Amino acid sequence: MALPVTLYRWDDPGAPQLTNRTPADIIAVLKACLVDGYGDKLPAGWSVEFEDVATNQLVVRNNQVVGSGGFLHLYPYSDNNAGSDLAMVAAQNIPSLGTYTNKGQRYLIDTYYAQNIQWWVAATTRGFYFQIMDNRYASAVGSSNREPGVFVGDFESTLPNDAGQFIVAGNTTVDMTSASALSGFFYNDGTDYFAKIYDTDGSANFTTSYKLVSQGIMSRTVDLAGTPGDHGLQHWLQPSFFSTLSHALDNNSVSVIQSNTRPMLRGKFPGLLLSSFGGYSDKNWPVIEQFDGQDYVGIRNGFNVYKWLNLVEWYV
């Protein structure tokens with residue numbers, strides 16, 4: 001079912017700001033985008049399940065009709081000071097604060113630099129992407145350090161009724177204790193595992209061995225200018241598939257090639273395309289291109305733009 005996308009930005013009229021750069025500021029941004037809306041922008045359609053204002057904790061849930069009804073717990077990892085880490089934890093169920101069923105890894109995100117005050121969220125009722133940016137850089141590629149991003153929500157599974165589809169996906173599969181290692185948005189894709197993903201059958205079995213299938217498409221660590229047209233080239237695009245090693249076995253000792261609980265090709269990220277061309281370092285963000293008649297925004301990663309996010313519809 002195709003779901004409309006809304007792009008929320010720090011420079012929208014009435015948008016919440018990361019003025020104090022605290023975890024509570026980040027929570028306020030996400031709550032405004034997902035639940036409350038602001039200015040003339042409607043919320044994405046998520047709901048609040050728990051909120052503890054005194055401890056700056058929030059649990060939100062994606063839509064239960066068109067989505068999985070997955071839970072996201074947001075809270076300050078250590079304190080609510082400027083630049084401190086915000087914890088993000090996905091779970092199949094959170095019956096009370098701090099109690100989880102099929103808990104994902106703890107992902108941390110922060111506003112490390114004083115200039116980390118710009119942000120954007122692209123969201124539907126099922127999932128969202130979020131990135132914090134450095135306001136010293138107008139470039140479409142931004143800074144090569146500390147512009148962290150994350151996907152939260154339902155990925156598009158290769159199997160219907162996948163009970164493990166609600167995730168927090170970043171650059172780790174383990175519980176983080178510091179956000180200091182973060183750089184760009186899915187910066188190490190193709191080489192690093194990105195999430196703790198539970199099996200499709202709703203059991204407590206999980207794997208941390210899925211990688212984005214992008215290695216060899218193009219180099220993400222070379223600063224490149226121009227558009228494909230400037231170089232006599234064009235975009236060759238592929239969906240953001242992720243898979244595990246073909247020789248792996250699932251929890252029932254079945255080859256993942258034949259598994260229906262932990263399939264080798266598990267799914268893709270909604271609305272996200274990977275291009276054979278990386279460039280745009282001489283362009284300003286946001287850089288917008290049209291593919292198949294729909295607008296896509298280039299995602300910053302510090303060197304070149306080769307990830308493109310659909311701004312019209314996901315889960316098609």
Side-chain angles (χ1 to χ4, degrees), residues 1-8 26-27 29-37 42-50 58-74 86-94 100-109 119-132 148-173 185-186 189 194-198 200 202 206 210 212 239-242 266-273 297 299 307 309-316:
M1 177 182 180
L3 298 176
V5 181
T6 302
L7 179 64
Y8 306 89
I26 303 176
I27 291 173
V29 165
L30 293 175
K31 185 182 179 186
C33 298
L34 300 176
V35 179
D36 296 331
L42 298 175
W46 293 49
S47 60
V48 171
E49 294 298 310
F50 302 103
L58 180 69
V59 174
V60 294
R61 193 177 187 187
N62 77 352
N63 189 281
Q64 302 171 61
V65 176
V66 298
S68 66
F71 292 75
L72 172 67
H73 186 190
L74 304 169
L86 172 73
M88 311 178 78
V89 178
Q92 189 178 67
N93 188 23
I94 301 179
Y100 306 95
T101 301
N102 287 3
K103 174 182 176 290
Q105 84 279 13
R106 180 178 61 234
Y107 186 77
L108 301 181
I109 194 167
W119 58 267
W120 63 265
V121 172
T124 71
T125 57
R126 291 185 64 183
F128 69 90
Y129 297 85
F130 172 50
Q131 186 174 27
I132 294 172
V150 66
F151 168 78
V152 179
D154 297 337
F155 61 80
E156 290 192 72
S157 179
T158 55
L159 294 179
N161 304 314
D162 185 339
Q165 64 189 300
F166 189 88
I167 60 172
V168 169
N171 295 325
T172 182
T173 61
F185 188 95
F186 286 174
D189 52 30
F194 59 80
K196 179 181 179 181
I197 302 180
Y198 285 85
T200 64
F206 65 87
Y210 283 109
L212 197 62
S240 50
F241 293 121
F242 53 91
R266 186 63 180 267
K268 65 179 180 178
F269 289 99
L272 185 64
L273 296 179
V297 62
I299 296 179
K307 297 186 185 75
L309 188 60
N310 189 303
L311 294 176
V312 180
E313 58 185 8
W314 303 345
Y315 304 101
V316 178

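Everything numeric here is computed off the predicted structure, so don't read it as measured data.
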Close side-chain approach of Arg266 to Thr200, heavy-atom, < 4.5 Å | yes

Ignoring hydrogens and geometry, is there a side-chain-to-backbone donor-acceptor pair from Arg61 to Gly69 under 3.5 Å?
-> yes

Test item: Phe151 and Ser240 side chains (from C-beta on) under 4.5 Å apart, heavy atoms | no

Within the 6.0 Å centroid threshold, strictly below: Phe242 and Phe269 = yes

Closest contact, heavy atoms only, Val66 versus Arg126 = O-CD, 3.1 Å

Are any side-chain N or O atoms of Tyr8 and backbone N or O atoms of Ala44, one a donor and one an acceptor, separated by less than 3.5 Å?
-> yes

Without swapping roles, check the side chain of Gln105 against the backbone of Lys196 for a donor-acceptor pair under 3.5 Å.
-> yes

Between Phe130 and Ile132, the two heavy atoms sitting closest are CZ-CG1, 3.6 Å

Set of residues satisfying side-chain hydrogen bond (donor to acceptor under 3.5 Å, both in side chains) with respect to Ser68, sequence neighbours excluded = Asp154

How close do Val5 and Ala122 get, heavy atom to heavy atom, and via which atoms?
-> CG1-CB, 4.3 Å

Euclidean distance, Phe206 CZ relative to Ile197 CD1, rounded to 0.5 Å | 11.5 Å

Of Leu34, Thr124, Asn63, which is the lone residue that meets side-chain contact (heavy atoms from CB on, under 4.5 Å) with Trp46?
-> Leu34

Quick one: pull up CE in Met1 and OG1 in Thr125 and give me the separation to the nearest 0.5 Å.
-> 7.5 Å

Sub-4.5 Å side-chain heavy-atom contact between Val48 and Leu58 | yes

Minimal non-hydrogen separation, Trp314 against Pro270, with atom names | CB-CB, 3.9 Å

Find out whether Tyr129 and Val297 are in side-chain contact, i.e. whether some heavy atom of one side chain is under 4.5 Å from a heavy atom of the other.
-> no

Got a donor-acceptor contact below 3.5 angstrom from the Tyr198 side chain to the Lys103 backbone?
-> yes

side-chain hydrogen bond (donor to acceptor under 3.5 Å, both in side chains) involving Ser157 - partner list, sequence neighbours excluded | Asp162

Verdict with supporting geometry, Thr6 and Leu42, side-chain contact (heavy atoms from CB on, under 4.5 Å) = CA-CA 8 Å; Thr6 302; Leu42 298 175; over 6 Å; no

Rounded to the nearest 0.5 angstrom, the OG1-CZ distance for Thr173 and Phe194 is 10.0 Å

CD1/Ile299 to CG/Leu309 distance, rounded to the nearest 0.5 angstrom?
-> 5.0 Å

Nearest heavy-atom pair of Ala91 and Phe166: which atoms, and what distance?
-> O-CD2, 4.2 Å

Distance-minimising heavy-atom pair for Gln92 and Ala163 | NE2-O, 3.4 Å

What residue among Leu74, Asn62, Ile167, Val168 forms side-chain contact (heavy atoms from CB on, under 4.5 Å) with Val152?
-> Val168

Not counting sequence neighbours, which residues clear salt bridge (Lys or Arg N to Asp or Glu O under 4.0 Å) with Lys268? List them please.
-> none

Is any side-chain heavy atom of Ile94 less than 4.5 Å from a side-chain heavy atom of Glu49?
-> no

To the nearest 0.5 Å, tell me how far Ile26 CD1 sits from Ile109 CD1.
-> 6.5 Å

Any Lys31 side-chain heavy atom under 4.5 Å of Val60 side chain = no

